[in-house]
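As structure tokens, the structure follows; a few thoughts come after it.
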Amino acid sequence: MTREVRDLVPVDGNRFRFYCCGPTVYGPAHIGNFRTFVMNDIFRRVLEIGGVETLHVRNVTDVDDKTIRDSQAAGERLKDFTDHWLKRFHEDTAALNLLPPHIEPSAVEHIPQQITMIEELMAKGHAYAPGDGSVYFKISSFEDYGKLSRLDTRELDLGRTQEQRVGIQADEYEKDSLSDFVLWKGRRDDDGENYWESPWGTGRPGWHIECSAMSCEYLGETFDLHSGGEDLIFPHHENEIAQSKCSRGGDFALHWFHSAHLLVDGKKMSKSAGTVYTLADLLERGFTAMEVRYELLGAYYRRQANFTFDSLHAKREALGKLAKGEAELRKEVGEVEIPGYEELRGLGGFGVFEPAWDGLQNDLNTALAMGKVFVGLKTAKTKEDWLGLHGVLAALGLVLPEIEAEDAVEVPEEIQAVAEERWAARSAKDWAKSDELRDLLMEKGWVVKDGKEGYELVPA
RNA sequence: GGCGGCGUAGCCAAGUGGCCUAAGGCGCGAGUUUGCAAAACUUGUAUUCGGCGGUUCGAAUCCGCCCGCCGCCUCCA
């Protein structure tokens, strides 16, 4: 991606059209997946707050090896299975305050478009069907193959067949070259009921073709930007480029936006280490979705970020500090209602928060922007400052916690009674009894905050 | 082995040639407050950027080497 977001001008002069590789719905997404989606969300928000219209497409992969395998293991039909996990994904994205994409196409619902594209590749000599029911893309037919990932062609095993290579794990498909990838997979016994008709017999589409077919369907053969996690650069995005350019021509995506991975305690997340956290895992531990979002945007997207519970914990304090600062500023400028997202689109000035906005404009540097938000808060005092703060927060998608929430906390009668007794003891300067009752409240999970005229109970 | 990236205070994390004797958040220390605490508020917290050389008037930032770590290399965001 270009370093300056402000330099990104829609190629059609109207809406900035971008495609984001979405989830494979075979289980709950983990926080690493969400780092990518949060970064994409912020990217869109920065464009929109900056006054640019967008067209955001994010696909759903609802047919592949894993969805088929796991739906069968669960004894469910593929659609029921993927619908369930898609619903869960939507719940998670809503909790994380991700704007829903304008279009969310599913692979299963676009099989005709995928078949059409494969036929075009066949007709132009970029694909071949060796007769086993599958169709492959011939990467030697596309000169630019490997350009995005800067792969040396020597590494691609061009022209080598599996027979020539010893020790490679058995693959049922016949390919001319080891690096050729599958466009259509011939039906196999373990696919069960999950197959579709095609000119090459029954089967199902390969993974890469869905994104080429769907991005072209909704965004055309040339669009502004394509995004995804860094692991998708090769082979997924490389293959998409090959399929799209060879079948339809056009420039495909003019910009690429890849988010680096999220590590946990400095290591790649792994199931065996128990570090593949889902949003639900973190909510269960008492964190809020907004704290998680803050954690995910806390580092610059081009670098791997390190998730730790210490860092996540810090976000609660930081959000509270922000909320307090915002409330004071709001009072100072005499406003009551926080402006909504739509009102902030096309915001002209950001007051003392201009540096934070610049940070976002300059290659989506969310870490820098957050730092400048806290700096700005120290001197903010005008209405423009206040609007600027909300413009930046809206671009980051951060919703501040309510700070006047005492009413919302239900204090059990039993706890209230102990607290009253303690206050009486304290007022009578019976320090021993007062402290004893305070410890008792602490044991039961309540913290007493003493004031001049009374006290307040807060959950520990 | 090929390609790419990282190593900045206890933790997270900006900064990529001079405004850096290095943002910001958390944590921690000190003070105010408090009967003592907690909370709140104020304030302090890396003369130094993995190590060693080099380029330069000047380097956390560029180059070389070394050490450590991470990612991709056929369907993992």
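Chain letters run A, B, ... following the sequence lines, proteins first and then strands; every chain starts at 1. Only a predicted model underlies this, so the values are computations on that prediction, with no experimental measurement involved.
Comparing B:C75, B:C26, B:G71 against the side chain of A:Lys185 picks out B:C75 as the nearest. You'll find that the side chain of A:Ala314 is closest to B:C26, out of B:A13, B:C26, B:C76. Considering only the side chain of A:Gln304, B:C70 comes nearest among B:C12, B:C26, B:C70. Checking B:A23, B:C41, B:C11 against every side-chain atom of A:Lys372, the shortest atom distance belongs to B:A23. The side chain of A:Asp65 has B:C75 as its nearest neighbour among B:C12, B:A13, B:C75. Of the candidate nucleotides B:C70, B:C11, B:C76, B:C70 has the atom nearest to the side chain of A:Lys267. When distances run from any side-chain atom of A:Arg303 to the nucleotides B:C6, B:C41, B:G71, the shortest one goes to B:C6. Relative to the side chain of A:Phe374, the nucleotides B:G24, B:C75, B:A77 differ in distance, and B:G24 lies closest. Comparing atom distances between the A:Val375 side chain and each of B:A77, B:C70, B:G24 picks out B:G24 as nearest.
B:G15 and B:C76 are spaced 31 Å apart, taking the P atom of each and rounding to whole Å. Comparing B:A46 with B:A9, their C1' atoms are spaced 5 Å from each other, to the whole Å. Using atom C1' as the reference point in both B:C12 and B:G18, the two lie 29 Å apart (nearest Å). B:G58 and B:C11 have their P atoms separated by 33 Å, with the value rounded to a whole Å.
At a threshold of 4.0 angstrom between heavy atoms, the contacts of A:Ala29 with the nucleic acid are absent. Nucleic acid contact class of A:Gly206 (heavy atoms, under 4.0 Å, all strands): none. As judged by a 4.0 angstrom heavy-atom cut-off over every strand, A:Ala318 is placed among residues touching the sugar-phosphate backbone only. Note on A:Lys271: nothing from the nucleic acid sits closer than 4.0 angstrom, heavy atoms only. Residue-level contact check: A:Leu312 touches neither bases nor backbone, having no heavy atom under 4.0 Å from any strand. Across all strands shown, A:Val373 has no heavy atoms under 4.0 Å from either base or sugar-phosphate atoms. At the heavy-atom level, A:Tyr300 lies under 4.0 Å from the strands shown only through sugar-phosphate atoms. A:His313 comes within 4.0 angstrom of nothing in the nucleic acid, heavy atoms only. When heavy atoms are screened at a 4.0 angstrom cut-off, A:Gly32 is found touching base atoms of the nucleic acid. Heavy atoms of A:Thr36 sit under 4.0 angstrom from at least one base atom.
The phosphate of B:G24 has OP1 or OP2 within less than 4.0 Å of a side-chain N or O from A:Lys378. Taking 4.0 angstrom as the limit, A:Lys315 places none of its side-chain polar atoms (N or O) nearer than this to OP1 or OP2 of B:C26. Regarding contacts with the backbone of B:G7, every side-chain N or O of A:Asn306 stays at 4.0 angstrom or more from both OP1 and OP2. The shortest distance between the side-chain N/O atoms of A:Lys268 and the OP1/OP2 oxygens of B:C76 is not below 4.0 Å. Within the structure, a side-chain polar atom (N or O) of A:Lys321 is placed less than 4.0 Å from OP1 or OP2 of B:C26.
A straight line from OH of A:Tyr294 to C1' of B:A14 spans 12 Å, rounded to a whole angstrom. With rounding to whole Å, A:Leu263 atom CG is found 10 Å from B:C69 atom C1'. Taking atom CZ of residue A:Arg35 and atom C1' of nucleotide B:G71, one finds them 12 Å apart after rounding to whole Å. Between A:His237 atom NE2 and B:C76 atom P the separation is 13 Å, expressed in whole Å. For A:Met442 and B:A39, the CE to C1' distance is 11 Å, given to the nearest whole Å.
Residues in residues 365-374 of chain A take part in no side-chain hydrogen bond (donor to acceptor under 3.5 Å, both in side chains) pair, two or more places apart or across chains.
Separation of the A:Phe257 and A:Tyr301 ring centroids falls under the 6.0 Å cut-off. Between A:Phe252 and A:His226, the gap from one ring centroid to the other is short of 6.0 Å. Under the 6.0 Å cut-off for aromatic ring centres, A:His255 and A:Phe43 do not qualify, their centroids lying 6.0 Å or more apart.
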Tabulate protein N/O versus nucleotide N/O from nucleotides 31-35 of chain B, keeping only pairs under 3.5 Å, one per line.
unit_1, atom_1, unit_2, atom_2, d
B:G35, O6, A:Ser434, OG, 3.4
B:G35, N1, A:Asp435, OD1, 3.0
B:G35, N2, A:Asp435, OD2, 2.9

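In this structure, A:Arg45 pairs ionically with A:Asp41, as a charged nitrogen and a carboxylate oxygen lie closer than 4.0 Å. Using a 4.0 Å cut-off between a side-chain N of Lys or Arg and a carboxylate O of Asp or Glu, A:Arg188 and A:Asp65 do not qualify as a salt bridge.
Both the sub-6.0 Å distance and the 45° axial angle are satisfied by A:Arg58 relative to the ring of A:Phe37.
Pairing for B:C62 is with B:G54, a Watson-Crick or G-U wobble pair whose two hydrogen-bonding atom distances lie under 3.5 Å. As the counterpart of B:U32, B:A40 is assigned, both hydrogen-bonding distances of the Watson-Crick or G-U wobble pattern falling under 3.5 Å.
For the pair A:His261 and B:G71, the ring geometry does not qualify as stacking, because the centroid separation below 5.5 Å and plane angle under 30° are not jointly satisfied.
Heavy-atom distances to RNA chain B give each of A:Ser259 and A:Lys449 a nearest nucleotide, and the one nearer the 5′ end belongs to A:Lys449.
Of the possible donor and acceptor atoms, none in the side chain of A:Ser244 sits under 3.5 Å from a partner among the backbone N and O of A:Ile241.
Across all non-hydrogen atoms, the minimal contact from A:Leu457 to A:Val448 is CD2-CG2, 4.1 Å.
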key: Verdict with supporting geometry, A:Tyr277 and A:Phe34, ring pair (Phe, Tyr, Trp, His ring centres under 6.0 Å)   = CA-CA 11 Å; A:Tyr277 297 111; A:Phe34 285 122; over 10 Å; no

